[in-house]
Amino acid sequence: MQKTSFVEYLNIDRNLNEVPEGILIIPILCNVLPVSWMFDTTIIIDELDKTFYESINRIKNKYSDLYPKCDFKGKLIVKNIIDYEINYNEKYLSFFSLGVDSTSTIINNIDKNPILVNIRGSDIPLEEEVGLNYIGRKLTDFSEEFGLKRLFIKSDFRRLLNTQNLSNKFQEQLDDNWWHGLQHGMSIISHAIPYAYLYKINNVLIPSTYSYS
């Protein structure tokens, strides 16, 4: 596991200093919470949003339903749980990779003018600049064709954990690998939370993925 991690919001016109610590911590927390649950360890943080804090047990219980062979334990200790009151607007953003699922999600919600969100470092590694630049150009063309705003996020969250070791350790209980089984859904959607808070967006869409059936 890396000692540090980063998330950058590349094309925003407001200062992230306006986002409180208890919101900014959520993307990293969503990557390490499953580790805490599976290894029965304790995470201690200074500050966290009350709504998210109260959602954690529900998320944990849903994972437990998905993976009955796993024993989800661990604890999260928060020194200050804060209710950040904010008047959200009826806006939408949607994660968009130019794949079939994400394109379908945009088409089905085109009337809502969703902001297109792409995480550099998710599907394509950060060092593969040719691929990242290609996706960037294509996403820009798509957004301009349909008159949609776009957001590029740069994150090293795929390198934060040694997912191969975690997959090897928990393969039998999960009947899946760590990335697909425990990390990707919660981690990807959490990257939108600081931006959604900053711009008062109350709807975040994440496309469906394939099923084994």
Side-chain angles (χ1 to χ4, degrees), residues 1-2 4-16 19 23-32 34 91-164 166-167 176-212:
M1 183 173 179
Q2 291 184 168
T4 61
S5 186
F6 71 86
V7 181
E8 297 179 19
Y9 297 83
L10 299 179
N11 57 315
I12 63 175
D13 54 10
R14 295 182 63 182
N15 197 321
L16 281 173
V19 182
I23 297 289
L24 289 174
I25 193 69
I26 291 175
I28 183 67
L29 197 55
C30 283
N31 281 282
V32 299
K91 296 180 181 178
Y92 288 76
L93 60 80
S94 181
F95 287 92
F96 187 60
S97 65
L98 291 164
V100 173
D101 296 322
S102 60
T103 302
S104 174
T105 299
I106 298 302
I107 291 171
N108 289 330
N109 293 279
I110 197 70
D111 59 312
K112 301 178 179 67
N113 295 311
I115 299 167
L116 308 180
V117 184
N118 185 266
I119 304 178
R120 301 169 72 92
S122 178
D123 296 326
I124 301 176
L126 289 171
E127 65 271 13
E128 294 186 14
E129 293 187 7
V130 173
L132 291 173
N133 291 335
Y134 174 81
I135 292 294
R137 290 195 303 271
K138 289 294 184 181
L139 192 150
T140 298
D141 291 343
F142 186 96
S143 68
E144 291 178 350
E145 180 177 354
F146 290 95
L148 302 174
K149 293 182 179 180
R150 57 191 177 274
L151 167 66
F152 290 103
I153 300 173
K154 184 178 180 180
S155 175
D156 68 344
F157 74 114
R158 290 296 302 266
R159 299 172 177 171
L160 176 62
L161 307 176
N162 189 326
T163 53
Q164 186 59 59
L166 291 167
S167 295
D176 201 347
N177 63 61
W178 184 272
W179 166 248
H180 183 262
L182 284 178
Q183 189 181 4
H184 84 288
M186 186 164 70
S187 176
I188 288 174
I189 202 168
S190 72
H191 280 73
I193 293 175
Y195 182 89
Y197 176 90
L198 190 61
Y199 289 89
K200 302 181 181 180
I201 298 168
N202 69 335
N203 297 283
V204 177
L205 307 176
I206 185 166
S208 63
T209 185
Y210 69 90
S211 69
Y212 286 118

- request: Evaluate the ring planes of F146 and F142, with Trp represented by its six-membered ring, and classify them as parallel (under 30°), tilted (30 to 60°) or perpendicular (over 60°).
  value: tilted
message: Run I106 and L148 through side-chain contact (heavy atoms from CB on, under 4.5 Å) and show every step you take.
response: CA-CA 10 Å; I106 298 302; L148 302 174; 4.0 Å; yes
Residue list, side chain to side chain donor-acceptor pair (under 3.5 Å) with N15, at least two apart or on another chain: N17
query: In Å, rounded to the nearest 0.5 Å, how long is the span from OH of Y197 to CD1 of I23?
result: 6.0 Å
query: Closest approach of H191 and I153, non-hydrogen atoms and distance?
result: O-CD1, 3.7 Å
message: Run the side chain to side chain contact (heavy atoms under 4.5 Å, CB included) test against S104 and tell me which residues pass, sequence neighbours left out.
response: N108
- line: Scanning both residues in full, the closest heavy-atom pair of C30 with M186 reads O-CE, 3.2 Å
field: Qualifying residues under side chain to side chain donor-acceptor pair (under 3.5 Å), relative to S5, sequence neighbours excluded
entry: D156
task: Look up atom CG in N31 and atom CD1 in I188, then write down how far apart they are to the nearest 0.5 Å.
output: 9.5 Å
query: Which pairs, with at least one residue in residues 115-134 and sequence neighbours excluded, count as a ring pair (Phe, Tyr, Trp, His ring centres under 6.0 Å)?
result: none
message: For a quick test of reading the model, state the closest non-hydrogen atom pair linking I201 to K91 and the distance between them.
response: CG2-O, 3.4 Å
Value rounded to 0.5 Å, distance of CD1 in I26 from OG in S190: 8.0 Å
Min side-chain heavy-atom separation Y9-P194 under 4.5 Å: yes
field: pair R150-E144: side-chain heavy atoms closer than 4.5 Å
entry: yes
task: Only counting residues at least two apart or in another chain, list the ones meeting side chain to side chain contact (heavy atoms under 4.5 Å, CB included) with I189.
output: F95, V204, I206
field: Under 3.5 Å donor-acceptor, N11 side chain and F152 backbone
entry: yes
For E145, side chain to side chain contact (heavy atoms under 4.5 Å, CB included) partners two or more places apart: none
- prompt: Does W178 offer a backbone N or O that forms a donor-acceptor pair with the side chain of S167 under 3.5 Å?
  reply: yes
query: Who are the ring pair (Phe, Tyr, Trp, His ring centres under 6.0 Å) partners of Y195, not counting sequence neighbours?
result: Y199
message: For Y92, give me all partners under side chain to side chain donor-acceptor pair (under 3.5 Å), at least two apart in sequence or on another chain.
response: E90
message: Going by side chain to side chain contact (heavy atoms under 4.5 Å, CB included), name the residues that satisfy it together with L198, two or more places apart in sequence or in a different chain.
response: I12, R14, L16, E18, V19
Scan the side chains in residues 110-133 for donor-acceptor partners under 3.5 Å anywhere in the protein, sequence neighbours excluded, and list what turns up.
from, atom 1, to, atom 2, distance (Å)
K112, NZ, N109, OD1, 3.4
N118, ND2, F96, O, 2.9
E127, OE1, R159, NH2, 2.2
N133, ND2, E129, O, 3.1

message: What's the separation between atom CD in Q183 and atom OG1 in T163, rounded to the nearest 0.5 Å?
response: 6.5 Å
statement: In short, S102 meets S97 closest at the heavy-atom pair OG-N, 3.2 Å
- request: Give a yes or no answer on whether the side chain of S143 reaches the backbone of T140 with a donor-acceptor pair at less than 3.5 Å.
  value: yes
